[in-house]
Every structure is written in structure tokens, then in C-alpha cells.
Protein chains: 2
Amino acid sequence: MGATKTDHFSEEQNKLAIMMKALGHPARIAIMEHLISVDSCICGDLVNVLPLAQPTVSQHLKELKNAGLIKGNIEGTAICYCVDKDAIAELQRYLANTTLQLEHKEKSCC
Amino acid sequence: MGATKTDHFSEEQNKLAIMMKALGHPARIAIMEHLISVDSCICGDLVNVLPLAQPTVSQHLKELKNAGLIKGNIEGTAICYCVDKDAIAELQRYLANTTLQLEHKEKSCC
DNA sequence: ACATTATATCGTAATATTGCAATATAGTAT
DNA sequence: ATACTATATTGCAATATTACGATATAATGT
């Protein structure tokens with residue numbers, strides 16, 4: 001026990017959960033926000049921006065990348081990380097659809 | 001170590017991360033989807049719907065409630081859980097805004 | 001009062017995450 | 001070749017999460 005029973009859920013549910021989980025940490029929210037706010041996406045300054053040590057930032061970046069939320073390219077000496085628009089769009093669509101479904105609901109007891 | 005450094009991030013970043021984290025598990029995605037799809041929100045059937053034992057489901061519900069994503073009312077013998085529309089709307093707005101920001105971005109190297 | 005039903009809590013084992021120091025890797029510059 | 005800079009990986013300690021059996025709680029029905 002302790003391991004998530006991913007095989008019991010749909011592929012879509014697992015994929016969504018993976019993306020949500022990746023965003024489920026304030027440092028990773030901050031990373032995403034910084035990647036978006038900076039117009040370019042050369043991101044060597046992330047370590048200076050965040051209150052975390054370099055290996056920790058690197059690890060968070062890896063997790064965001066594994067979840068498909070960011071992409072990384074080698075760009076000469078530095079590495080270029082940037083947000084994967086499609087992944088964010090997918091999350092956004094899901095939540096927009098959820099919101100719609102909720103608006104159409106009548107009976108609500110809480 | 002091991003504990004998230006919440007005090008180093010903004011309140012909004014922490015709040016978002018808490019909600020995202022709550023959705024970062026396929027069982028909790030499934031719970032939300034079920035709560036939304038069922039027109040009423042008396043939810044004694046959740047245990048039958050999910051491939052998890054009753055205490056586990058109860059624990060997931062508690063986490064969703066702690067994150068502010070669902071509300072629970074005692075409804076006679078059963079307990080009525082339902083989605084907190086405002087919380088979902090908040091998440092949705094955040095992602096919609098993020099998507100907008102991404103659309104306006106020109107330079108993208110990945 | 002007693003059984004039944006529905007949900008919550010406790011305790012605990014297995015596993016995962018978080019954070020960082022130390023070290024490795026890879027590219028650039030001298 | 002050597003030093004420098006930027007990022008990744010390793011190893012490890014502290015903490016958190018996941019899952020569930022056992023048990024508790026609380027309301028209903030008989």
C-alpha cells in the first residue's frame with residue numbers, strides 16, 4: 001500500500017491527475033508563472049527567483065516536464081524551458097467543461 | 001526536509017497548489033466527476049462506484065473537502081457531498097487567464 | 001434496547017515527495 | 001588543457017501520501 005491504484009482508473013483520469021499533481025506544489029506554480037511572465041523562455045534565472053536550492057529547482061522542473069506541462073531545449077550554454085501550451089489548453093478545456101456542467105445542474109443541496 | 005516550504009510562496013500560489021494537489025489523484029478526479037454527473041448530490045454510492053475500500057474513499061473525500069473543492073452536509077441518514085462551484089470556477093478562471101497570457105506570447109523557442 | 005446502515009477515525013505498513021549537500025556532466029571561455 | 005558556468009544526478013534524511021483492517025460514531029428501523 002501507499003502506491004496509487006492507477007490501473008483502476010481511466011487513462012484520461014490518470015493523465016489529468018498527473019498534470020494536476022504536478023501543479024500541486026507552490027514552487028511549481030511559481031515556476032509556471034515565471035515561465036509565462038518572462039517573455040523569452042531562457043530560464044537560467046529560475047534559481048535566483050525561487051527560495052529553493054538549485055537541485056530542488058531542477059527536480060521540480062523535471063517533474064513538470066514529466067507531467068508534460070513544460071518542454072526543455074538545450075540552447076547553447078543554458079537550457080530553455082517553456083510552457084507547453086497544449087497541455088495548459090487541455091487542462092483549461094477540462095475545467096471549462098466542468099464549469100459548464102455545474103452551471104446546468106439544478107438540484108444542489110449544499 | 002520533506003515538508004513543503006509554503007511560507008516562501010504567495011497565498012494565492014499556495015491556495016492554487018492545494019486545490020491542484022487535491023485533484024492530483026485519479027480517485028479524486030473520479031469522485032469529482034461522479035459528484036458532477038449525478039444530478040442529485042446524495043452520495044452514498046461513491047464506495048460502490050470506486051475501486052477502493054470505504055475508509056480510503058472517506059479519506060479522499062476529506063482531502064477534497066479540506067482543499068475546499070467539495071462541501072458536505074448531513075442529510076438524514078446519509079451524507080450529502082457536492083462540488084463547490086466557486087472553487088471550480090476559481091481554478092477555471094486561473095487557467096483561462098493563463099491560456100490567454102500564453103496566446104499573447106510571441107517568442108517561443110520550444 | 002438492539003440490530004442495521006452509512007460514514008468517520010485510528011493505527012499502521014508500503015510507498016512517494018520534498019529538500020539539499022555533494023558530485024557529475026556538459027558547454028564556453030581563456 | 002584548465003577554469004568557469006549552468007544544469008543534472010545521486011544519496012539521503014525528514015515528512016507526506018495512499019490504502020485498508022479494525023473500530024468508532026451516529027442516525028434509523030424494529
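The chains referred to below are lettered A, B, ... by the order of the sequence lines, with proteins before strands, and numbering in each begins at 1.
OP1 or OP2 of C:dG19 has at least one side-chain nitrogen or oxygen of A:His60 nearer than 4.0 Å. At least one side-chain nitrogen or oxygen of B:Thr56 sits closer than 4.0 Å to the OP1 or OP2 atom of D:dC20. Contact check, B:His25 against D:dA19: a side-chain N or O comes under 4.0 Å of OP1 or OP2. For the OP1/OP2 pair of D:dA8 and a distance below 4.0 Å, the side-chain nitrogens and oxygens of A:Tyr81 include at least one atom meeting the criterion.
Residue B:Asn14 contributes atom CG, which lies 14 Å from atom C1' of C:dT18 at whole-angstrom precision. As rounded to whole Å, 16 Å separates atom C1' of C:dT18 from atom CG of A:Asn66. To the nearest angstrom, P of D:dT9 lies 5 Å from NZ of A:Lys62. Following rounding to the nearest Å, A:Arg28 (CZ) and C:dA16 (P) show an atom-to-atom distance of 15 Å. C:dT18 atom C1' lies 13 Å from atom NE2 of B:His8, rounded to whole Å. Atom CG of A:Leu50 and atom C1' of D:dT7 are 15 Å apart (whole Å).
The side chain of B:Pro55 lies closest to C:dT9 when the candidates are D:dA19, C:dC20, C:dT9. Among D:dC20, C:dA8, C:dG19, the nucleotide with an atom closest to any side-chain atom of B:Leu61 is C:dA8. When distances run from any side-chain atom of B:Ala53 to the nucleotides C:dA8, C:dG19, D:dC20, the shortest one goes to D:dC20. Residue A:Ser58 places its side chain closer to D:dT9 than to any other of C:dT18, D:dT9, C:dA8. Here D:dA19 is the nucleotide among D:dT18, D:dA19, D:dT9 with the atom lying nearest to any side-chain atom of B:Leu52. The side chain of A:Lys21 approaches C:dT17 more closely than any other nucleotide in the set D:dT18, C:dT17, C:dG19.
Along DNA chain D, the nucleotide nearest B:Gln59 and the nucleotide nearest B:Gln54 are compared for position; the residue whose nucleotide lies closer to the 5' end is B:Gln59.
The aromatic rings of A:His60 and A:His25 sit tilted, their planes meeting at an angle between 30° and 60°.
Other residues, nucleotides and ligands contribute more than 12 heavy atoms inside 6.0 Å of the CD atom of A:Gln101.
Using a 4.0 Å heavy-atom cutoff across all strands shown, B:Lys65 reaches no nucleic acid atom at all. At the heavy-atom level, A:Glu63 lies under 4.0 Å from the strands shown only through sugar-phosphate atoms.
A:Met32 has its side chain within reach of A:Leu23: a pair of non-hydrogen atoms, C-beta onward, lies under 4.5 Å apart. Contact annotation: the side chain of A:Ile29 approaches that of B:Tyr94 to within less than 4.5 Å [non-hydrogen atoms, C-beta and beyond].
Residues forming a side chain to side chain donor-acceptor pair (under 3.5 Å) with A:Glu63 (at least two apart in sequence, or on another chain): A:Arg28.
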